[in-house]
*Asks:* 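The structure that follows is given in the form of structure tokens.
Lettering of chains follows the sequences in order, A, B, ..., and the numbering in each one begins at 1. Only this structure's heavy atoms are used, side chains among them; waters, hydrogens and symmetry mates stay out. Quantities reported herein were computed from a predicted structural model and do not represent experimental measurements.
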There are 2 protein chains.
Amino acid sequence: MTAKTKKQIVIEAAAKLFSDKGYSAASMRELAGRVGLEQASSLYNHIKSKEAALQEICFENAQKFTDGITTIESNISDPGEQIRALINLHIQVATNDITSVTVFNDEWRHLSEPQLSEFLALRKDYEERFKEIINKGIKTGTFKNINPTVALHTILSALKWIHYWYKTGRDSDLEIVKKDIMLLLMSGLSSND
Amino acid sequence: MTAKTKKQIVIEAAAKLFSDKGYSAASMRELAGRVGLEQASSLYNHIKSKEAALQEICFENAQKFTDGITTIESNISDPGEQIRALINLHIQVATNDITSVTVFNDEWRHLSEPQLSEFLALRKDYEERFKEIINKGIKTGTFKNINPTVALHTILSALKWIHYWYKTGRDSDLEIVKKDIMLLLMSGLSSND
DNA sequence: CCTACCGATCGGTAGG
DNA sequence: CCTACCGATCGGTAGG
């Protein structure tokens with residue numbers, strides 16, 4: 001449990017600020033104020049640039065998802081259980097550091113090249129591996145014969161609201177949310193019995 | 001079929017620009033260029049301000065959803081069919097004017113008061129009415145006993161990826177997308193037979 | 001629709 | 001970490 005470096009404090013405050021205002025509307029002067037510095041120029045002792053902060057946030061979160069899916073691929077073989085584990089991964093990452101994942105979700109497009117292409121390649125790789133699991137489930141008869149691309153994006157998109165929920169309402173328990181998202185995505189809204 | 005006014009052309013180009021770069025990163029100079037004006041100042045003959053363009057886009061789309069749910073409430077009574085109609089409404093609105101609904105989804109937070117509160121009230125109203133339908137379905141046994149807030153946001157969020165799909169891949173037919181989103185949300189990923 | 005222009009604010013650097 | 005500062009760009013106005 002080492003103390004946070006000032007750089008870490010700045011990056012975390014940047015994530016919060018980018019999440020509050022959006023990357024473009026966030027100013028380095030406001031960021032300075034939020035970490036107790038009088039001058040924006042002082043920030044440059046801790047980070048290289050505004051975009052460097054964005055890069056760090058985006059790639060750190062990409063790493064979490066890549067690591068997560070790698071673990072799931074190696075340790076679980078049933079596609080149904082793999083999807084459940086992936087849903088759990090998304091909920092876990094989102095609730096563990098909500099502001100950071102919000103920036104990862106919504107602000108990555110402000111990356112400039114070559115980081116933008118690098119980021120999109122990581123995302124593409126993740127999506128392909130996720131889709132491969134869906135494909136396997138369809139082939140083995142575990143899943144319905146749904147277009148895998150449609151299923152992939154519907155599920156990924158459904159998992160994104162978690163960060164919205166966590167920021168605002170939070171009127172329900174995390175365990176209920178987890179259970180019900182999983183139920184809805186795996187078995188649907190309609191009652192069958 | 002009257003000709004588009006220059007104002008309409010400007011608003012549509014603004015929607016595209018806001019969707020491409022985000023509201024804050026979009027400049028009036030670039031907007032002018034996109035509609036064939038040499039000077040940003042010329043834009044102000046057609047719109048009052050940058051934010052006025054955003055307001056128009058956001059409230060126009062809010063209206064579409066409000067009108068849609070009103071029609072569904074009056075003409076359909078079965079909650080299962082109502083949810084199917086709502087899913088269809090979201091897909092219809094998104095595919096009919098994809099850039100406009102993207103701005104509506106992602107850029108509303110740049111509205112300033114009092115429009116921001118007004119917009120959020122409209123959204124809240126829509127969500128409450130959507131949730132009421134879910135509640136009714138649960139009470140009548142048509143739907144599973146899922147937390148209605150969780151179901152609401154999971155479904156709404158799942159429907160948002162349609163604008164992402166429409167912009168990028170579009171490797172599958174709209175009818176397949178519609179059918180499979182509906183199947184996934186109503187009956188889930190798992191095969192039951 | 002253009003010319004001319006303005007005050008405000010931006011991200012960032014030099015130097016200590 | 002601050003002082004001092006810079007060039008660029010921003011949304012918008014006045015006037016024709």
*Asks:* For A/Ser100, does its backbone N or O pair with a side-chain atom of A/Lys16 as donor and acceptor, under 3.5 Å?
*Replies:*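 Side chain of A/Lys16 to backbone of A/Ser100, a donor-acceptor pair under 3.5 Å: no, none is there.
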*Asks:* A/Glu51 side chain to A/Ser112 main-chain N or O, any donor-acceptor pair under 3.5 Å?
*Replies:*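 Between the backbone of A/Ser112 and the side chain of A/Glu51 there is a qualifying donor-acceptor contact (under 3.5 Å).
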*Asks:* Is the backbone N or O of A/Ala26 less than 3.5 Å from a side-chain atom of A/Lys50, with the two atoms forming a donor-acceptor pair by type?
*Replies:*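 Confirmed, A/Lys50 side chain pairs with A/Ala26 backbone.
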*Asks:* Using a heavy-atom cut-off of 4.0 Å across all strands, would you classify A/Ser41 as base, sugar-phosphate, or nothing?
*Replies:*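 Base contact.
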*Asks:* With nearest nucleotides of DNA chain C determined for A/Asn45 and A/Arg29 from heavy-atom distances, which residue corresponds to the more 5′ nucleotide?
*Replies:*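 Counting from the 5' end, the first nearest nucleotide belongs to A/Arg29.
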*Asks:* Side-chain donor-acceptor pair under 3.5 Å between B/Glu38 and B/Ser42, yes or no?
*Replies:*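 No, no side-chain donor-acceptor contact under 3.5 Å.
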*Asks:* With a 4.0 angstrom cut-off to heavy atoms of chain A, pull out the first and last contacting nucleotide of DNA chain D, in 5'-to-3' order.
*Replies:*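 Answer, 5' to 3': D/dC1 to D/dA4.
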*Asks:* For DNA chain C, which residues of residues 6-18 of chain A approach it to below 4.0 angstrom with any heavy atom?
*Replies:*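 Those residues whose heavy atoms fall under 4.0 Å from DNA chain C, taken from residues 6-18 of chain A, amount to none.
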*Asks:* Tell me which residues in residues 30-38 of chain A lie within less than 4.0 Å of DNA chain C, going by non-hydrogen atoms.
*Replies:*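 Heavy-atom contacts with DNA chain C come from no residue of residues 30-38 of chain A; none.
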*Asks:* Is there a donor-acceptor contact under 3.5 Å from the side chain of A/Asp180 to the main chain of B/Asn147?
*Replies:*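 Yes, the answer is positive, given that a donor and an acceptor are paired below the 3.5 Å cut-off.
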*Asks:* Kindly say whether B/Glu113 contributes a backbone atom to a donor-acceptor pair with the side chain of B/Ser117 at under 3.5 angstrom?
*Replies:*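 Flag not set: sc B/Ser117 to bb B/Glu113 has no pair under 3.5 Å.
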*Asks:* Under 3.5 Å, is there a donor-acceptor pair between the side chain of B/His110 and the main chain of B/Glu107?
*Replies:*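 Checked: no pair found.
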*Asks:* Please list every stem that involves DNA chain D, where a stem is a run of 3 or more consecutive Watson-Crick or G-U wobble pairs with both pairing distances under 3.5 Å.
*Replies:*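 Stem segments, range with range: C:1-16 with D:1-16.
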*Asks:* Looking across every strand, which nucleic acid part, if any, lies under 4.0 Å from A/Ser27 by heavy atom: base, sugar-phosphate, or nothing?
*Replies:*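 Here A/Ser27 touches the backbone only, sparing every base.
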*Asks:* Could you say whether A/Ala25 or A/Lys48 is positioned toward the 5' end of DNA chain C, judged by the nucleotide with the nearest heavy atom to each?
*Replies:*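 Looking at DNA chain C, the more 5' nearest nucleotide goes with A/Ala25.
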*Asks:* Among residues two or more places apart or on two chains, list those pairs meeting salt bridge (charged side-chain N to carboxylate O under 4.0 Å, His left out) that have a residue in residues 56-74 of chain A.
*Replies:*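 Only A/Lys7-A/Glu56, A/Glu60-A/Lys64, A/Glu73-A/Arg129 qualify under salt bridge (charged side-chain N to carboxylate O under 4.0 Å, His left out).
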*Asks:* Between A/Glu30 and A/Leu17 (side chain of the first, backbone of the second, donor and acceptor by atom type, cut-off under 3.5 Å), is there such a pair?
*Replies:*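 Such a contact is absent between A/Glu30 side chain and A/Leu17 backbone.
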*Asks:* Where does the angle between the aromatic ring planes of A/Trp161 and B/His153 fall among parallel (under 30°), tilted (30 to 60°) and perpendicular (over 60°)?
*Replies:*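 If you compare the ring of A/Trp161 with that of B/His153, the planes turn out parallel.
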*Asks:* Donor-acceptor pairs are to be reported for all side-chain atoms of residues 83-90 of chain B against protein atoms at under 3.5 Å, with residues two or more places apart or in another chain.
*Replies:*
from, atom 1, to, atom 2, distance (Å)
B/Asn88, OD1, B/Lys178, NZ, 3.4
B/His90, NE2, B/Tyr126, OH, 2.8

*Asks:* With no hydrogens and no angle check, do the side chains of A/Lys131 and A/Thr149 hold a donor and an acceptor under 3.5 Å apart?
*Replies:*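 Indeed, the side chains of A/Lys131 and A/Thr149 share at least one donor-acceptor pair under 3.5 Å.
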*Asks:* Can any side-chain N or O of A/Tyr23 pair as donor or acceptor with the backbone N or O of A/Asp106 at less than 3.5 Å?
*Replies:*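 Checked: no pair found.
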